[in-house]
Number of protein chains: 2
Amino acid sequence: MSKLMRKFKALWTETVNLKQLSEYLNLSQTTVSRALNGYPEVNETTRSRVLKAAQDLNYRPNTRAKGLATGRALAIGHVIPVSNQHEMVNPVFGDFIAGAGEAYARAGYDMMLTLVPDQEEVRAYQDIRARGTVDGIIVHGPVINDERIALLSRIGLPFVVHGRSTDVNLPYSWIDVNNRGAFERGTQFLIELGHQRIALLNGLEHMDFAFRRRKGYETALLNHGLPIDPGLMRSEEMTEVYGYRAAKEMLSREIKPTAFVCSSIITAIGVRRAIHEAGLVLARDVSILTHDDALSYLENGDDVPIFTALRSSVRYAGTEAAEMLLSLIAMPKHAPKTRLLEAELIIGRSTGPAAS
Amino acid sequence: MSKLMRKFKALWTETVNLKQLSEYLNLSQTTVSRALNGYPEVNETTRSRVLKAAQDLNYRPNTRAKGLATGRALAIGHVIPVSNQHEMVNPVFGDFIAGAGEAYARAGYDMMLTLVPDQEEVRAYQDIRARGTVDGIIVHGPVINDERIALLSRIGLPFVVHGRSTDVNLPYSWIDVNNRGAFERGTQFLIELGHQRIALLNGLEHMDFAFRRRKGYETALLNHGLPIDPGLMRSEEMTEVYGYRAAKEMLSREIKPTAFVCSSIITAIGVRRAIHEAGLVLARDVSILTHDDALSYLENGDDVPIFTALRSSVRYAGTEAAEMLLSLIAMPKHAPKTRLLEAELIIGRSTGPAAS
DNA sequence: GAATCACTCCAAAGCGCTTTGGATATGGCA
DNA sequence: TGCCATATCCAAAGCGCTTTGGAGTGATTC
């Protein structure tokens with residue numbers, strides 16, 4: 001025993017595999033495997049001996065081998081489309097991943113990231129499927145009529161979409177914020193404050209979320225008999241500079257907008273900069289209402305929120321999406337799940353009655 | 001042939017494995033494998049037949065099986081420490097990953113993410129090693145005297161640190177910005193503009209980068225005979241609200257600082273808000289100089305930078321780190337590589353001569 | 001006392017790939 | 001013609017794990 005111990009002690013920082021562990025225990029690999037994986041056909045005293053030894057020798061099953069044998073990868077893939085024209089990294093991504101990561105960690109799953117140039121998308125998903133590195137994937141950044149959904153359904157890889165895709169009629173699993181409802185409500189809030197010229201600084205409108213937000217914005221205008229003025233609408237990547245430029249231009253007009261609805265707090269910060277620069281006062285002269293993903297490094301103030309905002313935690317969405325996917329993988333024949341999150345309307349210090 | 005074709009056509013959306021491919025070709029698995037992997041002992045006409053068939057049948061080698069057979073995982077791990085007290089997601093992370101992802105994609109590597117609660121770090125790295133899911137890892141967020149470096153060296157898992165660790169005397173591979181030099185230069189720049197009371201809004205100073213930045217800041221002050229005033233120094237997580245609060249407090253004093261040095265553009269935005277709110281004018285009354293990671297969604301203006309900044313692209317660092325690690329994996333016995341990036345000092349519209 | 005059963009355990013096959021150690025055929029050379 | 005490289009291909013072992021299909025004990029039942 002002590003000789004064996006010494007032999008195995010040497011391996012301490014090395015990797016011990018199942019065979020070595022079973023030799024050390026004078027048991028078959030079968031029994032050891034079963035003991036470790038909680039199968040019933042093993043004596044409880046044997047099991048605890050095995051568990052103890054596994055602990056002592058610092059045994060960890062090799063993921064690849066386990067995956068090969070079981071057919072499961074114990075990993076989830078996140079596929080992030082990167083377009084060549086817009087090579088911005090979605091700032092929301094980190095928080096989403098953090099949320100999802102928690103869920104994976106609890107379930108013993110790994111998280112795999114793949115960046116996919118958008119012209120290679122179809123091939124990329126087939127690759128992922130065939131190479132078998134993951135048991136399911138989270139689809140990021142769905143666009144209108146997103147072809148990935150049909151593709152993934154066809155090749156039979158479980159997936160959950162973060163967002164939805166207008167015009168896709170297949171059933172599929174998703175988790176999304178009620179973007180349309182939120183923006184309708186937010187715009188209505190501004191209208192009720194007396195604003196008549198409300199600008200929309202939206203994200204790229206081939207993205208589904210942005211499309212829905214515009215619909216919500218337009219619905220509110222229509223409901224109150226206000227005109228839909230394309231001159232007050234922008235659709236770009238949601239950077240700070242974009243907000244600044246767009247607001248600066250609009251505020252230099254003869255007839256200025258009195259309020260801005262932004263798709264991102266970062267864009268809203270740019271708008272605020274333009275407002276200051278124009279010598280105007282936020283909330284008094286011009287109001288801002290923005291969507292707020294509740295990013296951890298961009299908290300919308302503390303006690304009193306900086307911006308009046310439609311808030312929905314993307315980190316929470318990440319956790320929920322991950323758990324949804326895990327349960328889908330556990331019950332493959334289950335019908336798709338969906339989850340619609342409502343954004344809170346938070347009143348902050350960036351809105352006020354329309355300037356007369 | 002057409003019968004076979006039909007048989008395999010059915011598999012089109014399915015997964016074809018090596019065995020099926022070799023049956024289809026009437027060749028042995030050995031030959032097919034060698035043809036695909038570019039070994040010389042196979043006839044060129046055979047090889048092209050194989051390549052063609054692989055293309056037609058949409059063959060992709062199973063990653064797990066390949067990994068098991070070769071002992072390589074063809075994947076890189078990114079280990080992100082998540083502390084319980086500070087559960088902020090580093091906003092820099094997305095861009096770094098995007099940069100690294102490109103390099104991995106080119107090399108055919110996968111990217112694996114692991115979130116590790118910081119009290120479990122040691123165990124986590126051993127896990128990763130033993131489970132064999134990755135060939136190497138990128139270490140994020142090094143602190144002063146980071147114990148992970150010794151651990152990883154000991155267990156023999158190739159790694160590259162994004163950043164460095166003061167007080168660690170082992171040789172190891174890293175890529176870092178010259179934080180100390182940059183902040184010394186930046187602070188000196190402000191001093192030369194006549195500023196005497198310069199505040200430092202730093203990140204958490206157990207983090208190595210923040211520690212070095214403070215050293216640089218202090219060095220510049222000392223070099224010019226200025227006092228180091230702890231009342232002008234803060235160390236927290238680099239949020240917007242942090243910048244706002246700290247600046248608000250300092251600007252409400254009898255004797256205000258005339259300039260702020262920030263560790264993050266996000267914090268700088270908070271400082272700017274406080275300045276506005278105090279009725280002061282940026283650059284005229286109070287100056288801001290900030291580090292700028294050149295995040296894609298937080299461009300520091302366009303033609304004229306918003307903030308005077310020490311700029312260093314974290315995305316570029318990601319690409320470089322990844323390539324460094326890949327080459328380390330390719331040549332395991334190679335000495336550690338290091339790379340020190342210099343930050344550019346960019347003059348923007350947030351600095352001016354000290355108010356008299 | 002034989003048959004049955006529950007309880008433990010094990011040998012071996014198999015997951016999909018790579019790679020070692022030949023086998024076979026072909027051509028050049030003496 | 002016979003011999004030996006050379007070129008081309010293959011069978012089978014092995015990577016580390018799970019899982020199927022028993023085998024070997026005692027204890028229980030008739």
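All of these numbers come straight from a predicted model, not from anything done at the bench. Letters go in sequence order (proteins before strands), and every chain restarts at 1.
- Distance, B:L74 CG to C:dG16 C1': 15 Å, rounded to whole Å.
- Between the CG atom of B:N26 and the C1' atom of D:dC10 there is a distance of 13 Å, rounded to whole Å.
- Regarding contacts with the backbone of D:dC17, a side-chain N or O of A:Y59 is found under 4.0 angstrom from either OP1 or OP2.
- D:dC15 atom P lies 11 Å from atom CD of A:Q29, rounded to whole Å.
- Using a 4.5 Å heavy-atom threshold, the side chains of A:V139 and A:W174 count as separate.
- Residue A:T46 has a polar side-chain atom (N or O) positioned under 4.0 Å from OP1 or OP2 of C:dC9.
- Between D:dT18 and A:N37, a contact under 4.0 Å exists linking OP1 or OP2 to a side-chain N or O.
- Considering only the side chain of A:R34, D:dG21 comes nearest among D:dG21, D:dC9, C:dC17.
- Between A:Y172 and A:F159, the ring-plane angle classifies as parallel under the 30° and 60° cut-offs.
- The nearest heavy atom of DNA chain D to B:T70 and to B:E44 marks one nucleotide each, and the one closer to the 5' end goes with B:E44.
- Ion pairing of A:R60 with B:D127 is present here, as a side-chain N (NZ or NE/NH1/NH2) and a carboxylate O approach within less than 4.0 Å.
- Heavy-atom distances to DNA chain C give each of A:E41 and B:L18 a nearest nucleotide, and the one nearer the 5′ end belongs to A:E41.
- When distances run from any side-chain atom of A:T30 to the nucleotides D:dC10, C:dG16, C:dA12, the shortest one goes to C:dA12.
- Rounded to a whole Å, the CZ atom of B:R60 is 12 Å from the P atom of C:dC17.
- Side-chain atoms of A:Q20 come within 3.5 Å of backbone N or O of A:N17 as a donor-acceptor pair.
- The distance from atom CZ of A:R131 to atom P of C:dG16 is 16 Å, rounded to the nearest whole Å.
- Rounded to an integer number of Å, the gap from A:Y24 OH to D:dG16 C1' is 20 Å.
- A donor-acceptor pair is defined here as one N or O able to donate and one able to accept, closer than 3.5 Å; no such pair exists between the side chain of B:S173 and the backbone of B:T338.
- A:N43 has no side-chain polar atom (N or O) that falls below the 4.0 Å cut-off from OP1 or OP2 of C:dC9.
- Contact of A:S33 with D:dT19 (side chain to base): no donor-acceptor pair of N or O atoms is detected under 3.5 Å.
- More than 12 heavy atoms of other shown residues, nucleotides or ligands fall within 6.0 angstrom of atom CZ in A:R47.
- A close approach under 4.0 Å does not occur between any side-chain nitrogen or oxygen of B:T31 and OP1 or OP2 of D:dC9.
- For B:N62, no side-chain nitrogen or oxygen approaches OP1 or OP2 of C:dC17 to under 4.0 Å.
- Summarising the geometry, the separation between OH on A:Y39 and P on D:dT20 is reported as 8 Å, rounded to the nearest angstrom.
- Out of D:dC9, D:dC10, D:dT19, the shortest distance to the side chain of B:V42 is found at D:dC9.
- Here the side chain of A:P61 is nearest to one of C:dA11, D:dC17, C:dT18, namely D:dC17.
- Considering only side-chain N and O atoms, A:K66 lies under 4.0 angstrom from the phosphate OP1 or OP2 of D:dT18.
- If you take CG of A:L21 and P of C:dC10, they are 13 Å apart, rounded to a whole angstrom.
- The nucleotide whose nearest atom lies closest to any side-chain atom of B:L68 is, among D:dG16, D:dC9, C:dT19, D:dG16.
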